[in-house]
Amino acid sequence: MVASSLQAGHVTTVHRHLTSKFHSNEEMGQTVFPLIDENLKKNNYKIGIENNNDDENLQREEFEETPLYAAILTYLSYAILCLFGWLRDFLRQSHIETKRGAVDPNASLAFVPLYQSYESFYTRNMYTRVRDIFNRPIASVPGAQFELTERVSDDYNWTYRYTGKTISAINLGSYNYLGFAEKTGPCATNAINSIKTFGVANCNTRTEIGTQRYHVELEQLLADFLHVESSIAFGMGFATNSLNLPVLASKGDLILSDEMNHVSLILGIRLSGASYQTFAHNDMKDLEKKLRAAIVHGHPRTNRPWKKIIIVVEGIYSMEGSICRLPELIELKKKYKAYLYMDEAHSIGAMGKHGRGIVDYFGADTNDVDILMGTFTKSFASAGGYIAGKKSLIDYIRMNSHANTYASSMPAPVVQQIISSLRLLQGPEGKKRIYQLADNTRYFRQKLVDMGFIVYGNKNSPVVPMLIYMPARVTRFNREMLRRGIAVVTVGFPATKLLDARVRFCISAAHTRQMLDNALISIDEVGTEISLRYSTRHKSRRLREL
């Protein structure tokens, strides 16, 4: 109704109160992270990379099955919603129902319906009723604490009016993994100064006269950071996938895609014209079965060998909180002579000892991943995306990609934000942020698990999905959390499967322990009020009992 098997190791509990504001390297060491290095040494804590040879420990994930009673109640909830929706439509057609919430907006205008019949039915009778919990505008930088613009509706969420007030809340929904979304500090200062020199737009594409020296600097700095030969940057992360996969694959090729891949990957695969198959999420046996069949049988119509086979995966899956099984993927791609395309949108900067993503997390060789893709919109708090790898690959993309040929080049402040955060990431401040993110992630995840909530994903993933299931509870949870000063993102059908409605927490290095504790207290309270402790693997306990 609303859009969008092993127990994890226990986190070291280190109580401290850190400010969410970051400053220069000197200030950082004195004010922001005064205890972290000492605590790391004292507790022998190692951010989820305890032993690079222990792949099972690095890949420890949990996906608890939906309890039967929760599944039954969820199906029943949707059935009741549909029943009342059909009743209201009948009353509307009989001119008994007059409320705008049950009116198809296209009907009165004599337009052909823009959506299919059920989509229109779902939108006006279900989604519109809870639209207030989505698309909330913000009035500040998306830091650990931010301001939401207050809005109210007088016509059942069809339209909104703004009161002029703001709501201060702890931000558990933004992808600000390393805390670089700031309006002060070196990144912000450098971005502002770049406008004075280069302006805010280049008014052309990279292939004409839109390439500035900072574009070249960014791509070289990124290649050095990732330990690859070359890289190319684009102005939009979504387009980096959707417009570059068609450059790499075409008719006669086969793409094997994880079933949980992002829609940008799915769109790129479809636009490429290549044949494609999906394999079960992170199921290496299913992937190998399909690889073997592709090699043995070739194209299903001609039985001729595929020109090439490309395996497409993500580093961190943004809705599941799981990570790809990179060591096994590398082994399979070498065994069957396939290519590996890995989307590191959520993992670059957020995973690995040096923040270089999943390759760094597993201690793998970057040369074993043929196409490294990532975005600057999360850990780097900017905009755009990149592809990195062999120089020959990047040169080919640079000449043939529509995302490079036809798109306006990246503006100076956007690029400077990335360059500044990249440089900081490679220094002492970056290390502290990486450690803080890992510490926050392990702490927050483990507390949720210990309280009896069903939490999906890898124990080291800063994307933390908590299952809610029933549509009414999704809405109630979102509103109750905001009432307590915690802003969260809830996601459900049709953005997820019918039974997989959830809240997706995104943890940041900018979150202090006090912020996380306040959020956990609120989750504990709301989870008790509306009965969200579904887990049968872990004992249900209140936060005060832990």
Side-chain angles (χ1 to χ4, degrees), residues 5 55-56 59 61 63 240-320 322-345 347 358-359 362 364-373 387-390 392-394 396-397 400-402 496-497 500:
S5 30
D55 290 342
E56 186 61 35
Q59 295 173 355
E61 298 180 347
F63 290 93
T240 304
N241 277 329
S242 60
L243 295 183
N244 284 307
L245 272 167
V247 178
L248 302 172
S250 59
K251 186 177 180 180
D253 298 332
L254 174 66
I255 297 177
L256 296 175
S257 173
D258 190 290
E259 65 179 352
M260 294 297 181
N261 275 341
H262 191 263
V263 66
S264 61
L265 292 168
I266 296 171
L267 178 59
I269 290 169
R270 290 175 177 173
L271 290 175
S272 72
S275 300
Y276 61 91
Q277 300 175 20
T278 60
F279 60 91
H281 177 55
N282 263 348
D283 189 334
M284 296 301 102
K285 291 183 178 179
D286 187 42
L287 174 58
E288 183 169 17
K289 179 181 177 181
K290 287 180 168 59
L291 278 168
R292 186 183 296 113
I295 298 296
V296 172
H297 301 294
H299 194 284
R301 291 185 179 179
T302 64
N303 291 329
R304 293 180 178 177
W306 297 102
K307 293 179 182 177
K308 59 177 172 286
I309 300 174
I310 304 176
I311 303 168
V312 178
V313 297
E314 293 188 50
I316 292 179
Y317 291 86
S318 58
M319 287 301 298
E320 306 304 310
S322 56
I323 66 173
C324 69
R325 308 183 75 85
L326 185 60
E328 296 170 67
L329 285 165
I330 292 174
E331 183 180 347
L332 286 176
K333 82 112 183 175
K334 288 182 176 179
K335 181 178 180 180
Y336 293 98
K337 309 301 181 186
Y339 294 95
L340 180 59
Y341 183 113
M342 183 163 66
D343 178 341
E344 294 241 54
S347 51
I358 297 300
V359 176
F362 283 106
D365 186 349
T366 53
N367 293 319
D368 289 333
V369 182
D370 302 286
I371 305 102
L372 281 166
M373 178 271 171
I387 288 183
K390 299 288 186 183
S392 56
L393 167 74
I394 303 306
Y396 179 79
I397 291 174
N400 293 278
S401 172
H402 290 340
T496 68
K497 295 179 181 179
D500 288 349

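Positions are given from 1, in the same order as the sequence printed here.
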Measuring from atom [atom1] of [X] to atom [atom2] of [Y], what distance do you get when rounded to the nearest 0.5 angstrom?
X      : Y      : atom1 : atom2 : result
Leu291 : Leu254 : CG    : CG    : 8.0 Å
Lys390 : Ile394 : NZ    : CD1   : 11.5 Å
Ser242 : Leu265 : OG    : CG    : 9.0 Å
Leu287 : Thr278 : CG    : OG1   : 11.0 Å

In chain order, what residues pass the side chain to side chain contact (heavy atoms under 4.5 Å, CB included) check against [X], with sequence neighbours excluded?
X      : result
Thr240 : Phe234, Asn244, Met373, Ile387
Asp286 : Phe279, Ala280, Asp283, Lys290
His299 : Ser275, Arg301, Thr302, Trp306
Tyr276 : Ile255, Ile269, Arg270

Checking side-chain contact (heavy atoms from CB on, under 4.5 Å) for the pair Asp343/Val312: CA distance, chi angles, key distance, verdict?
CA-CA 8 Å; Asp343 178 341; Val312 178; over 6 Å; no
Asn261: side chain to side chain donor-acceptor pair (under 3.5 Å) partners, not counting sequence neighbours
Ser257
Residues that Lys289 engages under side chain to side chain donor-acceptor pair (under 3.5 Å), provided they are two or more places apart
none
Hey, could you give me each pair passing side-chain hydrogen bond (donor to acceptor under 3.5 Å, both in side chains) that has a residue in residues 245-255? Not counting sequence neighbours.
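Counting only pairs at least two positions apart or across chains, the side-chain hydrogen bond (donor to acceptor under 3.5 Å, both in side chains) contacts touching residues 245-255 are Asp253-Lys308.
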Between Ile295 and Arg292, is the side-chain contact (heavy atoms from CB on, under 4.5 Å) condition met? List the steps.
CA-CA 5 Å; Ile295 298 296; Arg292 186 183 296 113; 5.9 Å; no
Under the salt bridge (charged side-chain N to carboxylate O under 4.0 Å, His left out) test, which residues partner Glu320, sequence neighbours left out?
Arg502
Applying salt bridge (charged side-chain N to carboxylate O under 4.0 Å, His left out), can you list everything that pairs with Lys307, at least two apart in sequence or on another chain?
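Lys307: no salt bridge (charged side-chain N to carboxylate O under 4.0 Å, His left out) contacts found.
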Does any N or O in the side chain of Asn282 come within less than 3.5 Å of the main-chain N or O of Ile323, such that one atom is a donor and the other an acceptor?
yes
Is a donor on one side and an acceptor on the other found under 3.5 Å between the side chain of Glu314 and the backbone of Ala345?
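Absent.
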Looking only at heavy atoms, which two atoms of [X] and [Y] are closest? And how far apart?
X      : Y      : answer
Glu344 : Ile358 : OE1-N, 2.9 Å
Phe362 : Cys324 : CE1-O, 3.6 Å
Asn241 : Tyr341 : OD1-OH, 2.6 Å
Ser401 : Leu243 : OG-O, 4.1 Å
Leu340 : Val369 : O-CG1, 4.0 Å
Ala249 : Ala274 : CB-CB, 4.1 Å

Who pairs with His297 by ring pair (Phe, Tyr, Trp, His ring centres under 6.0 Å), at least two apart in sequence or on another chain?
none
By ring pair (Phe, Tyr, Trp, His ring centres under 6.0 Å) - contacts of Tyr317 (at least two apart):
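Tyr317 satisfies ring pair (Phe, Tyr, Trp, His ring centres under 6.0 Å) with His281 only.
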Which donor-acceptor pairs under 3.5 Å do the side chains of residues 327-334 make with protein atoms, sequence neighbours left out?
residue: Glu328; atom: OE2; partner: Arg325; partner atom: NE; Å: 3.0
residue: Lys333; atom: NZ; partner: Asp368; partner atom: O; Å: 3.4
residue: Lys333; atom: NZ; partner: Asp370; partner atom: OD1; Å: 3.4
residue: Lys333; atom: NZ; partner: Asp370; partner atom: OD2; Å: 3.1
residue: Lys334; atom: NZ; partner: Asp368; partner atom: OD1; Å: 3.2

Are there more than 12 heavy atoms of other residues, nucleotides or ligands under 6.0 Å from atom OH of Tyr339?
no
Report yes if some heavy atom in the side chain of Val359 is under 4.5 Å from a heavy atom in the side chain of Met342; otherwise report no.
yes
